[in-house]
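In what follows, a single structure is set out as structure tokens and then discussed.
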Amino acid sequence: MAPANEPFFITTAIDYPNSRPHIGTAFEKIGADAQARFQRMKGREVHFLMGNDENTIKVSQRAAELGLEPKPYVDDMARQFKEVWSALNVSNTDFIQTSQSRHHIGCRKFIQAVYDAGHIFKKKYTGLYCNGCEAFKTEKELVEGRCPNHQSQELKQVEEENYFFRLSAFEDRLLDYYRTHPEFIQPESRLNEIMNLVESGLQDVSISRKGFVWGIPVPFDEDQTIYVWFDALLNYITALGYGSDDETLYKKFWPADVHVIGKDITRFHCALWPAMLMAAGLPLPKTVYAHGFVYNKGLKISKSAGTAIDPMTVYETFGTDPFRYYFLKECVFGSDGNFSEERFTELYNSDLANNLGNLYSRTISMCVRYFEGNLEGSSAIDPVDWAGDLNLGELADELDGLVSRFEYSQALQTIWSQVLDRANRYIQNTEPFKLIKTDREACKVVLANLADAIRVTGILLKPFLPDTAEIFYGAFNFEASAPWTSLDFTQIAKPSTGRADYQVTAALTDGKPVPMFPKIQPPPEKP
RNA sequence: GGCGGCGUGGCUCAGUGGUAGAGCAGCGGUCUCAUAAUCCGCUUGUCGUGGGUUCGAUUCCCUCCGCCGCUACCA
């Protein structure tokens, strides 16, 4: 286990701000956020980076369409993105925009270093150029030999001198790295793809373009700007101040512990990026985690097909934690998942309303109703009954492993079956509502046990459903003996000794908690 | 075409060389503390197709069918 306070650096992919985020991008951020929150609980000092990828042709085109200069446009988009991430309770500690000067400075420093090391060379590129797009087109993009966006125009054979990165020179070193660091590419299924790719031979990649004003000028040839990936990937270090006057963060957090990315950009992160770092003589990230995609009822998310779903719509309808729960539980992080309102409703009602929310309600209600919320003398009760044969220490270990490996769905399933179902069953079996009539002390023992189950739930849900977890943990005076900010999974096994008697501190309305996940009606059947 | 993966009850999936499991949905029952929630029980499967290895395969091998990923610059 990593020592406490050891730095942990986690990143997500930077997004193109030529349109608003959709639930697929949200999936990535929530998955990364759960990991960030989990690592914080383990005592790590977490730096969690997100951001937008702004130095692209499409972005400047989009800005032009709206009659805006690129910078005000990307700044406004960044504001919108941050608004969404904030609504979803994503706990990033930094948000980089690649149009920021810190990124420009670091990029120029980096490319210069790689150039000086002799891994960049100039080469003539000949390709089909579309005047309408002001960009080169590849054979694959063409429709009947013409640009799909400008069918009326002929494409021209144009020659341009660009800078190339000698990626081909790194094949052996990359393969060697994969073999000696099998954990580098995750999940494992992606490793094979990348090994194949690299074994089949890498070509040098062009890393600059001529004649663009929006972008980062190449320091050793100011007529050229740095192109796409050689610019975008660098955000991971420029955000840490690489190449600036103050490299404190860089020294502290690089290399990254994990880059969380979409499966479609695996090769850039697992082949190009490490090669770039090797070329510059910098350390490589420890792991790259490629998550799956979210589909809309089986259809690929696409703006033009109308299958994109705005996270804010879902958020406004269902709330933050239900949103997070759906994606963390229903969509296995390393695989593809599906979104549908029907499934959302099912999962919400069964897992959140019926099991989780209701356990909270019935526990608090009984404590208030029977004991005015004061479980006097409960500090002397060892709440081991509710867990039965469940070993909470082992459960903590198991969950630690699952979450560390990004197996959130499995982790949540385990929490539900091992903790919540068990606690609900415990109520059914012990019948505190009957005990109160015959044996007040025995009833109190049961309720003290349930209070402990609430405490355990609050701790275990903290990385996934932060708001809900805090409500659970705040339901009783647990805070007095183990502060909310200092919790980690291992504490589920040890209700603090020498603690005060349990006392309900939950918010009440007319002596009852307000349902935290009011059931939602299933959407009407569509004919 | 090449490399890889998948195909298990209505849905989502787990799983093992000895003739299958979970959750959800559905059905029945139950308690009454609770958001008519909980808890208990039940129904459905030729484990894609055909063949092979084996005493025996859903699990190993091959064929076929279907689906999917990667095969260089879109999360």
Side-chain angles (χ1 to χ4, degrees), chain A residues 12-16 18-19 21-29 53 56 58 136 138 140-141 165 167 189-207 227-230 232 260-268 271-272 290-294 300-303 308 329-332 335-338 340 342-343 346-347 349-370 409-410 413 416-417 420-421 423-436 443 446-447 450 512-520 522:
Chain A
T12 61
I14 49 175
D15 299 304
Y16 285 123
N18 51 346
S19 64
H22 53 71
I23 54 172
T25 49
F27 180 51
E28 172 174 299
K29 313 311 171 196
D53 183 7
T56 66
K58 275 187 186 173
F136 284 94
T138 60
K140 277 201 301 188
E141 291 177 277
F165 171 56
L167 181 59
S189 55
R190 298 287 158 204
L191 175 62
N192 182 45
E193 283 179 16
I194 297 301
M195 293 281 284
N196 257 320
L197 173 77
V198 179
E199 276 168 355
S200 69
L202 296 172
Q203 284 176 23
D204 298 332
V205 289
S206 105
I207 57 164
Y227 188 61
V228 184
W229 288 103
F230 216 85
V260 177
I261 59 161
K263 64 180 185 179
D264 56 330
I265 52 174
T266 312
R267 58 173 178 265
F268 304 110
L272 177 59
H291 68 254
F293 286 166
V294 174
K300 194 171 167 65
I301 288 179
S302 133
K303 259 193 93 180
K329 170 75 189 301
E330 182 71 3
C331 307
V332 173
S335 309
D336 294 341
N338 249 302
S340 80
E342 292 78 6
R343 182 62 193 142
E346 270 182 17
L347 201 66
N349 282 341
S350 68
D351 286 11
L352 297 180
N354 294 351
N355 293 330
L356 181 66
N358 190 46
L359 173 65
Y360 179 89
S361 292
R362 63 199 308 211
T363 300
I364 305 298
S365 291
M366 284 191 281
C367 288
V368 171
R369 187 158 155 178
Y370 305 151
S409 178
Q410 189 64 46
Q413 198 178 313
W416 255 252
S417 68
L420 299 174
D421 291 353
N424 274 320
R425 216 179 302 130
Y426 176 72
I427 298 179
Q428 194 61 33
N429 294 339
T430 55
E431 299 184 310
F433 39 87
K434 280 186 184 166
L435 277 179
I436 189 60
C443 180
V446 169
L447 293 183
L450 287 173
K512 293 173 66 169
V514 176
M516 67 177 87
F517 300 108
K519 293 236 296 194
I520 48 186

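Quick note on labels: first sequence line is chain A, next is B, and so on, each numbered from 1. None of these values were measured; they are calculated from a predicted model.
- For the P atom pair drawn from A14(B) and G52(B), the interatomic distance equals 30 Å after rounding to whole Å.
- Although no hydrogens or angles enter the test, the distance criterion places no donor-acceptor pair under 3.5 Å between the side chain of Asn349(A) and the main chain of Asn354(A).
- The side-chain contact (heavy atoms from CB on, under 4.5 Å) test applied to Glu431(A) returns Phe433(A), Lys434(A), not counting sequence neighbours.
- In this structure, Phe27(A) and His291(A) have perpendicular ring planes: the angle between them is above 60°, well past the 30° mark.
- Atom name C1', nucleotides G5(B) and U38(B): the rounded distance is 41 Å, in whole Å.
- Comparing the same atom, C1', in G48(B) and in A57(B) gives a spacing of 16 Å after rounding to whole Å.
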* To do: In sequence, state the C-alpha distance, the side-chain angles, and the governing distance for Asn338(A) and Arg343(A), and then conclude on side chain to side chain contact (heavy atoms under 4.5 Å, CB included).
  => CA-CA 9 Å; Asn338(A) 249 302; Arg343(A) 182 62 193 142; over 6 Å; no
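- The shortest side-chain heavy-atom distance between Tyr370(A) and Leu447(A) falls under the 4.5 Å cut-off.
- The closest donor-acceptor contact from the side chain of Glu28(A) to the backbone of Ala13(A) lies under 3.5 Å.
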* Asked: For every nucleotide of nucleotides 23-36 of chain B, 5' to 3': is a protein heavy atom under 4.0 Å from its base (B), only from its sugar-phosphate (S), or from neither (-)?
  -> -S------SSBBB-
Which protein N or O atoms sit under 3.5 Å from an N or O of nucleotides 2-6 of chain B?
{"residue": "C3(B)", "atom": "O2'", "partner": "Asn196(A)", "partner atom": "ND2", "Å": "2.8"}
{"residue": "G4(B)", "atom": "O4'", "partner": "Asn192(A)", "partner atom": "ND2", "Å": "3.4"}

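- The residue Leu167(A) sits close to a base: some heavy atom pair falls under 4.0 Å.
- Scored by the side-chain contact (heavy atoms from CB on, under 4.5 Å) test, Glu193(A) finds Arg190(A) as partners (sequence neighbours excluded).
- Comparing the same atom, C1', in G26(B) and in U12(B) gives a spacing of 16 Å after rounding to whole Å.
- With hydrogens and angles ignored, the 3.5 Å screen pairs a side-chain donor or acceptor of Asp336(A) with a backbone N or O of Phe293(A).
- Atom pair Asp53(A):CG and C74(B):C1' shows a separation of 11 Å (rounding to whole Å applied).
- Atom P of nucleotide A37(B) and atom CG of Asn349(A) are separated by 9 Å, given to the nearest angstrom.
- By the salt bridge (Lys or Arg N to Asp or Glu O under 4.0 Å) test, Arg362(A) pairs with no residue at all, sequence neighbours left out.
- C13(B) and U54(B) have their P atoms separated by 36 Å, with the value rounded to a whole Å.
- Between Val205(A) and Tyr227(A), the closest side-chain pair of non-hydrogen atoms is not below 4.5 Å.
- Of the two residues near RNA chain B, Gly262(A) and Gly201(A), the one whose nearest nucleotide lies more 5' is Gly201(A).
- Note on Leu272(A): nothing from the nucleic acid sits closer than 4.0 angstrom, heavy atoms only.
- The distance from atom CD of Glu193(A) to atom P of G69(B) is 10 Å, rounded to the nearest whole Å.
- Consecutive Watson-Crick or G-U pairs involving RNA chain B, each under 3.5 Å on both distances, make up stems of three or more pairs at B:1-7 with B:65-71, B:10-13 with B:21-24, B:26-29 with B:39-42, B:50-52 with B:60-62.
- Between Ile194(A) atom CD1 and A72(B) atom C1' there is a gap of 10 Å when expressed in whole angstrom units.
- Across the P atoms, G29(B) and A37(B) are found 15 Å apart, a figure rounded to whole Å.
- Taking every side-chain heavy atom of Leu202(A) into account, A72(B) is the closest of G69(B), A72(B), C39(B).
- Distance check on atom C1': G23(B) versus U8(B) gives 15 Å, rounded to whole Å.
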* Asked: Can Ile427(A) and Met366(A) be said to form a side chain to side chain contact (heavy atoms under 4.5 Å, CB included), step by step?
  -> CA-CA 11 Å; Ile427(A) 298 179; Met366(A) 284 191 281; 4.1 Å; yes
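- Contact detail for Val198(A) and Ala271(A): the closest heavy-atom pair is CG2-CB, 4.3 Å.
- The separation of U63(B) from U53(B), taken at their C1' atoms, amounts to 15 Å, rounded to a whole angstrom.
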